[in-house]
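So the structure is just underneath, and the comments pick up after that.
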Amino acid sequence: MMTHVARLYHLQGVRQPEIAARLDLSQAKVSRLLKKAQERGIVRITVTPPSGTHPDLEDGLQERYGLKLALVVETAPDNERTMLGDLGAAAAYYLQTTLRSGDTVGISSWSATLLATVQAMQPVPGLKDVSIVQAVGGIGDPAAAGHASQMTGQLARLVNGEAVYLQAPGVAGSAESAEALRGDPFVSAALGELGDLDVVLVGIGEITPSSTLARSGNAFSDVERAELAKLGAVGDVCLRFYDERGRPVRFELDSRVVGITREQLAAGRRKIGVAGGRRKHRAIRAAVTGGLVDVLVTDQETAAALMA
């Protein structure tokens, strides 16, 4: 009987209520027979991953680093443009399928990977009351400043949401000027939105700034970065630097950053990091070790390095 029920259900696609009616069984009895068939090896369920996926690496990363989810992308590690597109496409699909009405999303302003994510996204119908908030000041060099506002506004349009712009530089010239900027009512209101985030969408940076960040004028100087390195910094999330174990590296530069605080980052209910490439291995390892992100979208070579 177990085998008969199992063949009807798994091979012929007959639903449990119909099986029960055919065989004069209760639906509960059919369900128990199916369960026993699996327990006794009559039914063996296998999952065959499609080519280009890496479920073993994903499971390993989740177990080793306590991640909620790891998405490992098959890409060309030697071609940064291709990698950006592939990581962005994977992160975009993940966002499209997991964002919910009412979510407040903080997004880092100066990440090429996140820009690729937004550019790869399709409109998400049916969402309501979603807020997209710039997590780091989005004003910089006029030649590059459109990056931050374009990314925030486009994401808001795709999810039928509202864009909240942080109208300040990511790095102020001094602690005093940063404090004055935070006192501006519009800046203060945007910063207030970062205190209760459902999703934090971030890139993961190394000590040397990306070309996008450097062009924006929101990168620290060579001398300042050398000081950070002496203090043990290996990377940053939203311009908040951390060491090999993901612990905060506190430096006076912190007071010049206009954006999400370490405490607000930690309080985000889902922290999605999108990053890859050999030069970022050390920074990504530290970020996942310290729990700075709990969802990681990365490439297969980086994933293998994190498991080594």
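The shown structure was predicted, so the numbers you read here are calculated from the model rather than taken from an experiment.
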Do any N or O atoms from the side chain of D299 and from the backbone of G277 form a donor-acceptor pair under 3.5 angstrom? yes

Tell me whether V257 shares a hydrophobic cluster with L181, the cluster being built from Ile, Leu, Val, Met, Phe, Trp, Tyr side chains joined at under 4.5 Å. no

Are T98 and V199 packed together at the side-chain level, in the sense that at least one heavy-atom pair is separated by less than 4.5 angstrom? no

Taking the side chain as everything from C-beta on, heavy atoms only, tell me whether F220 gets closer than 4.5 Å to F241. yes

In terms of hydrophobic clustering (I, L, V, M, F, W, Y; side-chain heavy atoms under 4.5 Å; direct or indirect links), are V133 and L155 co-clustered? no

Kindly compute the distance separating CG (L166) from CZ (R182), expressed to the nearest 0.5 Å. 10.0 Å

With distance as the sole test, does T152 use its side chain to make a donor-acceptor pair with the main-chain N or O of S149 at under 3.5 Å? no

Verify same cluster id: V136, V249 (apolar side-chain graph, 4.5 Å): yes

Could you tell me the separation between the CE atom of M151 and the CD1 atom of I107, rounded to the nearest 0.5 Å? 4.5 Å

Within the side chain of Q134, is there an N or O that forms a donor-acceptor pair under 3.5 Å with the backbone of S109? no

If we ignore hydrogens and angles and just use 3.5 Å, is the side chain of D254 paired with the main-chain N or O of R240 as donor and acceptor? no

If you define the side chain from C-beta out and look only at heavy atoms, does anything of R279 sit under 4.5 Å from T208? no

If hydrophobic clusters are built from ILVMFWY residues whose side chains come within less than 4.5 Å, do Y242 and V200 share one? yes

The reported gap from CD1 in I284 to CD in E206 (rounded to nearest 0.5 angstrom) is 9.5 Å

Here the gap from L57 atom CG to Q300 atom CD, rounded to the nearest 0.5 Å, amounts to 8.5 Å

Quick check: does any side chain N or O of D103 sit under 3.5 Å from a backbone N or O of V130, one acting as donor and the other as acceptor? no

Report yes or no: does S101 contribute a side-chain atom to a donor-acceptor pair with the main-chain N or O of K128 at less than 3.5 Å? yes

Please test I45 against Q38 for side-chain contact (heavy atoms from CB on, under 4.5 Å), starting from the C-alpha separation and ending with a verdict. CA-CA 8 Å; I45 297 174; Q38 189 173 338; 3.7 Å; yes

Just how far is it from atom CD1 of I207 to atom CG of D236, taken to the nearest 0.5 Å? 7.5 Å

So do R225 and P209 actually touch side chain to side chain, heavy atoms under 4.5 Å? yes

Check residues 9-37 and write down every donor-acceptor pair under 3.5 Å in which the side-chain atom is one partner and the other belongs to a residue at least two apart or another chain.
{"unit_1": "E18", "atom_1": "OE2", "unit_2": "R22", "atom_2": "NH2", "d": "3.1"}
{"unit_1": "S26", "atom_1": "OG", "unit_2": "K29", "atom_2": "N", "d": "3.0"}

Specify the closest pair of heavy atoms between A120 and Q96, including all atoms of both residues, with the distance to one decimal. O-OE1, 4.1 Å

For Y94, I'd like to know if atom OH has over 12 heavy atoms of other residues, nucleotides or ligands within 6.0 Å. yes

Counting distance only, does the side-chain N/O of R64 pair as donor-acceptor with the main-chain N or O of L306 below 3.5 Å? yes

Expected list for residues 66-76: side-chain donor-acceptor pairs under 3.5 angstrom, two or more places apart:
{"unit_1": "K68", "atom_1": "NZ", "unit_2": "R269", "atom_2": "O", "d": "2.6"}
{"unit_1": "E74", "atom_1": "OE1", "unit_2": "H54", "atom_2": "NE2", "d": "2.5"}
{"unit_1": "T75", "atom_1": "OG1", "unit_2": "D86", "atom_2": "OD2", "d": "2.6"}

Heavy-atom check, side chain of L201 versus side chain of V274, under 4.5 Å: yes

Taking C-beta and beyond as the side chain, do L61 and V288 meet within less than 4.5 Å on heavy atoms? no

Are E301 and R278 ion-paired here, with the side-chain N under 4.0 Å from a carboxylate O? yes

Within-4.5 Å side-chain heavy-atom neighbours: L115 and Q119: yes

So, are R100 and D198 salt-bridged, with charged N and O less than 4.0 Å apart? no

Ignoring hydrogens, what is the shortest heavy-atom contact between A135 and C238? Give both atom names and the distance. CB-SG, 4.3 Å

Verify the cluster assignment for V295 and M307: are they in a single hydrophobic cluster under the rule of side-chain heavy atoms below 4.5 Å apart? no

Hey, is R285 close enough to E244 for a salt bridge, meaning N to O under 4.0 Å? no

To the nearest 0.5 Å, what is the distance between OG1 on T117 and CG on L95? 7.0 Å

